[in-house]
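Computed over heavy atoms, backbone and side chain alike; hydrogens, waters and symmetry mates excluded. A note on names: the letters A, B, ... follow the listed sequences, proteins ahead of strands, and every chain is numbered from 1.
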Amino acid sequence: MITKKFTNGRGFTFYMSADHLSDQEQVRHNKIATFRQQGVEPYGDKYDVSHYSREIITKPDALDGKTVRLSGRIMTKRGHGKAGFAHIQDSEGQIQIYLREDRLGEKDYMLYKELDVGDIIGVTGEIFTTKKGEITVNVSSFSLLSKSLRPLPEKWHGLRDVELRYRQRYLDLMVNPEVRKVFIARSKIIQKMRTFLTDRGFLEVETPVMHTLAGGANARPFITHHNTLDMELYLRIATELHLKRLVVGGMDKVFELGRIFRNEGISTNHNPEFTTVEVYQANADYEDMMVLTEEMVASLAKEVLGTLTIEYQGKSLDFTPPWPRRDMQDVVKEVTGIDFDSIVDDVAARKIAREKNLELMPGLSRGEILFAFFEEFCEDKLSGPIFIKNYPVEVSPLARRNRRDPRFTDRFEAFMAGREIANAFTELNDPIDQRGRFEQQVSRRVSGDDEAHMMDEDFITALEYGMPPTGGLGIGVDRLIMILTDSPSIRDVILFPTMRPKE
RNA sequence: GGGCCAUUAGCUCAGGCGGCAGAGCACCUGACUUUUAAUCAGGGUGUCCCAGGUUCGAGUCCUGGAUGGCUCACCA
C-alpha cells in the first residue's frame, strides 16, 4: 500500500493511499482517526430533538428567535471563511443551518469545517431568516452523531441509475425526495385499506404462508423444504382457499392483507413477491363486492390523495362511484365485431380464432377463446376504472356459475389504465361442482399446464360441510398503489424489488 | 426465455473514422463572516462491466459472458 501523508493548515493529518478505497473514502476514514485523537466521538450519543425541519419551515413566525434542537444529515455545505451554511435533512425535509466561528469558538468551528456531506449531526440554535429570506438555524452548538464514510450521490441530479436505486434504496430515499413520498403514500394506502375494512366489521386474519398444496390461483409456486418433516412446502400463491375455510368455520367477514409469491416472470408489472388483500363476506355476492371495491378505492383516493380524479401516466382516471359495469362478451363484440353469443361450440370458436390470427394452444374451448379475445384485444384499451363481468367458467375454477347461463360465472375484474387491479366473484360453494372444476384443472395439468390448479381434497371436504353464499374479492395492492402514486413500474412501489445478485 | 439498448471518475454524463481518458457536481490545497447548484485560484482522483480475439495500437471493431432497462412471451 502506497501511502502519502500530508497535513492541512488546520492541523488535520491525512493519508492518501492506493488501496481499494477511493480518495474520498480514504479522506473520510482518516477523519475518524483524527476526530478520535481530538476527543471527538464520530458515532455520538442520541441527540434530544425538539423539532423536525418541517415544523420550523411551516411556522417560522411562531418560532422566530426561539431555540430549537434538531438532527439530520448534511446534504449541502458552503463555507465562507469564518462562517458557513449547510442544509441538513431529517425525516420531514431539509432546513438550512448557519455556523460562525465567533459563535462556536475556534475548535468547534474547525471541527465543522472538517465535516462532510453525508455526516449526521445534531444542532442547537435559534431560528432566524437570512437576507435572502431563508429560514435558518443560527447554530450555537452541534455534535457529530454519525460519520459517513462514503460520498453521497450528486446533489443536483440525485441518483438516476435505476439499478443502484433499487439495490441501494437507502441512497434513493436519501437523495430523491419524491421516492420517500411514494412510500409514505403506500403506507397510508395500506393503513386506510385496513381501517376501511375493519370499520365495516371485517376481521383481519393470518393464514399460512407455507402451503402443502399451492392453490387459489393459476401460477407456479416457489418450493421450499421442511427438514424435520422432510417434506416439500410451497410458498402461497394466493390466500383464497384458507380464507374460505374460515368462512365455512363461521367467520363471516374476513380479510387478509399480505405477501404472496409467484414463481414467474419479472416485469414492470410483476414482482415475484407482491401484496394482495383478499376479502370474503358471507351472505354477499359479486355485486356486493363491486360496491365494496369502488367504495374502498374511492375512499383511499379521497383520504390519501384528497381527490377522486387522478392522473396516471398522463391519462385521467375518475374513481367516483359507481364505475361502469360491462359484460365481457359485449366488450369483445364492440372491439372485435365478433359476437360470441352466436358461437355455439368450441370448433366454431377455434375457427374464428384462426381467422383473427390468434395463436392458441390446441383444443381450447369456447370460453377460453372468448377470454383470450378479451385479453388480447380489449384489456389494454380499458382505461377505467371499469368492471368487466361474466367470465367464462373454464377460466374461473373457483367462481359460482351464473344461474341463467352456466357457461359463465358471477365474476368480475376491475381494470384501471389497461391493467387488472381486482378480481372477485360469487364463491363456488357447491362441493360437487368444485370437485369437477378441480378435475378439469388436473387434466389440464396432466396435459402440460403447470399453472393449473391441483386437486385440493381438504378444501373440498370443508365445502362439503357447507359454506354460506359468499362474495370474495382480491386486489393487487402494489398495482393499485402504482395507479394512485402515478408510478410506471411496480419496482417504484416496492422498497426492495427482487433483483439478481451482482456478480 | 426471445429481441433491442445501456454499462467510462464517488455521482450525472460526453467521448465522429481505431491514435496520450474528458466535463459538471463531489473531492484535495488555499482565499472568503448572511450563502444557497455560493464564489475565486490551483489540482484529475479511472480495473473505460468481465474474459478472449483482430490490430503496430482497442473505451471505440469482433466473439462469449455478467448486470440492468425497455419490449415480447407468461402472469396479477
Side-chain angles (χ1 to χ4, degrees), chain A residues 4 6-10 12 14 16-18 20-28 30 75-87 94 96-104 109 116-118 128-134 136 138 148-168 171 174-176 216-220 237-238 260-276 278 359 375-376 379 413-415 419-423 449-451 474-480 482 488-491 497 499-503:
Chain A
K4 193 170 69 179
F6 65 95
T7 305
N8 72 13
R10 297 188 294 280
F12 286 84
F14 297 98
M16 303 289 283
S17 73
H20 63 286
L21 294 178
S22 70
D23 61 331
Q24 299 190 43
E25 289 172 304
Q26 189 63 56
V27 166
R28 288 166 182 239
N30 290 333
M75 300 304 286
T76 61
K77 197 162 170 267
R78 298 173 290 284
H80 301 272
K82 291 181 163 54
F85 288 92
H87 277 95
Q94 292 193 8
Q96 182 168 258
I97 59 174
Y98 177 54
L99 304 93
R100 299 167 58 108
E101 187 186 89
D102 57 10
R103 180 104 199 260
L104 294 166
Y109 189 70
D116 294 307
V117 169
F128 78 109
T129 304
T130 63
K131 277 181 187 169
K132 294 286 174 71
E134 179 160 355
T136 302
N138 188 353
S148 167
L149 289 175
R150 293 173 185 260
L152 251 43
E154 209 228 9
K155 63 182 173 187
W156 190 244
H157 298 94
L159 188 65
R160 288 283 172 75
D161 184 322
V162 286
E163 185 174 350
L164 291 180
R165 286 185 48 219
Y166 299 145
R167 287 189 195 280
Q168 295 180 278
L171 286 180
M174 252 181 244
V175 302
N176 297 329
N218 292 81
R220 288 198 299 272
I237 57 173
I260 66 174
F261 310 84
R262 295 189 186 175
N263 203 344
E264 304 195 342
I266 296 179
S267 78
T268 47
N269 286 302
H270 303 85
N271 196 62
E273 52 178 312
F274 61 105
T275 300
T276 60
E278 286 196 34
E359 283 184 36
E375 287 192 314
E376 180 66 24
E379 205 172 286
E413 291 189 334
F415 290 86
R419 289 198 201 107
E420 181 195 334
I421 300 294
N423 178 23
D449 181 359
D450 54 3
E451 287 174 9
I475 294 178
V477 172
D478 309 275
R479 285 190 177 175
L480 180 60
M482 283 169 69
S489 168
I490 198 168
R491 298 188 197 93
M499 303 279 277
R500 214 187 282 267
K502 197 87 173 145
E503 287 173 321

Once you apply a heavy-atom cut-off of 4.0 Å, does A:R78 come out as touching a base, just sugar-phosphate, or nothing? base
With a non-hydrogen cut-off below 4.0 angstrom, is A:D161 in contact with a base, only sugar-phosphate, or nothing? sugar-phosphate
Heavy-atom side-chain contact between A:V117 and A:P151 under 4.5 Å: no
To the nearest angstrom, how far is A:I97 atom CD1 from B:rU33 atom P? 18 Å
Please report the distance separating the C1' of B:rC32 from the corresponding atom of B:rA38, rounded so that it comes out in whole Å. 11 Å
Applying the Watson-Crick and G-U wobble criteria at under 3.5 Å, what pairs with B:rC4? Answer none if nothing qualifies. B:rG69
Kindly confirm whether the side-chain ring of A:F85 is stacked on the base of B:rA38, judged by centres under 5.5 Å and planes under 30°. no
Just compare B:rA76, B:rU34, B:rU67 and give me whichever is closest to any side-chain atom of A:R167. B:rU67
Please figure out whether A:P272 or A:E101 has its closest RNA chain B nucleotide nearer the 5' end. A:E101
Separation of A:M174 atom CE from B:rG10 atom C1', in whole Å? 14 Å
Between B:rU55 and B:rC62 - C1' atom distance, rounded Å: 12 Å
Spacing of the C1' atoms in B:rG10 and B:rG44 (rounded, Å): 13 Å
Which value, in whole Å, describes the distance between the C1' atoms of nucleotides B:rA9 and B:rC27? 11 Å
Return yes if the base of B:rU35 and the side-chain atoms of A:T130 contain a donor-acceptor N/O pair under 3.5 Å, otherwise no. yes
NA contact type, A:R262, heavy-atom cut-off 4.0 Å: base, sugar-phosphate, or nothing? base
Determine the Euclidean distance between corresponding P atoms of B:rC11 and B:rG16; express it in Å to zero decimal places. 23 Å
Base, sugar-phosphate or nothing for A:G79? Non-hydrogen atoms, less than 4.0 Å. base
Evaluate side chain to side chain contact (heavy atoms under 4.5 Å, CB included) for A:V175 paired with A:M75, printing each intermediate quantity in order. CA-CA 8 Å; A:V175 302; A:M75 300 304 286; 4.2 Å; yes
What about A:R160, does its side chain sit under 3.5 Å from the base of B:rU12 through a donor-acceptor pair? no
Checking all strands, does A:E134 fall into the base, sugar-phosphate, or nothing category for heavy-atom contacts under 4.0 angstrom? base
Both distances below 3.5 Å, Watson-Crick or wobble geometry, any strand: find the nucleotide opposite B:rG16. none
With sugar-phosphate meaning primed atoms plus P, OP1 and OP2, does A:N269 contact a base, only sugar-phosphate, or nothing at under 4.0 Å between heavy atoms? base
Of the candidates B:rG68, B:rC32, B:rU36, the side chain of A:H80 sits closest to B:rC32
Nearest-Å distance for atom pair CD/C1', residues A:Q96 and B:rU35: 7 Å
For a 4.5 angstrom cut-off between non-hydrogen side-chain atoms, does A:K77 reach A:D116? no
B:rG52 to B:rC17 separation - P atoms, rounded to the nearest Å: 27 Å
Mind checking whether A:Y98 and A:F128 have parallel, tilted or perpendicular rings, split at 30° and 60°? tilted
Shortest non-hydrogen separation from A:L152 to A:M174 and the atoms involved: CD1-SD, 3.8 Å
Would you say A:L480 and A:I475 make side-chain contact, with heavy atoms under 4.5 Å? yes
With syn defined as a glycosidic angle within 90° of 0 and anti as the rest, where does B:rG16 land? syn
When the distance from CD of A:Q94 to P of B:rA37 is rounded to whole Å, what number comes out? 13 Å
Look only at the side chain of A:E154 and the backbone of A:H157, and say whether a donor-acceptor pair between them is shorter than 3.5 Å. yes
A:S22 has a side chain; which of B:rG10, B:rU33, B:rG68 sits nearest to it? B:rG10
Euclidean distance for C1', B:rC4 against B:rA73 (whole angstrom): 15 Å
Taking a pair as Watson-Crick or G-U wobble with both distances under 3.5 Å, which nucleotide is matched to B:rC32? none
Using atom P in both nucleotides, what's the gap between B:rC20 and B:rA6 to the nearest angstrom? 23 Å
Length of the line joining A:N176:CG and B:rC11:C1', which is rounded to integer Å: 11 Å
Min side-chain heavy-atom separation A:M482-A:N269 under 4.5 Å: yes
Just the rounded figure in Å: distance from P of B:rU12 to CD of A:E163. 11 Å
Any donor-acceptor N/O pair, A:R103 side chain to A:N138 backbone, under 3.5 Å: yes
Sort out for me which residue in A:R262, A:R220, A:E264 forms a side-chain contact (heavy atoms from CB on, under 4.5 Å) with A:I237. A:R262
Between B:rU33, B:rG68, B:rG10, which nucleotide has the shortest distance from any of its atoms to the side chain of A:R100? B:rU33
Select base, sugar-phosphate, or nothing to describe what A:R103 touches, counting heavy atoms under 4.0 Å on all strands. nothing
Donor-acceptor check, side chain of A:Y109 to backbone of A:R100, threshold 3.5 angstrom: yes or no? no
Given atom CG of A:D102 and atom C1' of B:rU34, what is their separation to the nearest angstrom? 13 Å
Which part of the nucleic acid, if any, lies within contact of A:T268, taking any heavy atom under 4.0 Å across all strands shown: a base, the sugar-phosphate backbone alone, or nothing? sugar-phosphate
Mind checking who B:rU45 pairs with, Watson-Crick or G-U wobble, both distances under 3.5 Å? B:rA26
Check: protein-nucleotides 24-27 of chain B nitrogen or oxygen pairs below 3.5 Å:
from   : atom 1 : to     : atom 2 : distance (Å)
B:rG24 : N2     : A:E154 : OE2    : 3.4
B:rA26 : OP1    : A:K155 : NZ     : 2.9
B:rA26 : O2'    : A:Q24  : OE1    : 3.3
B:rA26 : N3     : A:Q24  : NE2    : 3.0
B:rC27 : O4'    : A:Q24  : OE1    : 3.4

Tell me which nucleotide among B:rG68, B:rU34, B:rC11 gets nearest to the side chain of A:L159. B:rC11
Spacing of A:Y166 atom OH relative to B:rU67 atom C1', expressed in whole Å: 15 Å
Quick one: label A:N263 by what it contacts on the DNA or RNA (base, sugar-phosphate, nothing), any heavy atom closer than 4.0 Å. nothing
5'-most by nearest nucleotide on RNA chain B - A:V162 or A:G158: A:G158
Under 4.0 Å, heavy atoms only, any strand: does A:E451 hit a base, just the sugar-phosphate, or nothing? sugar-phosphate
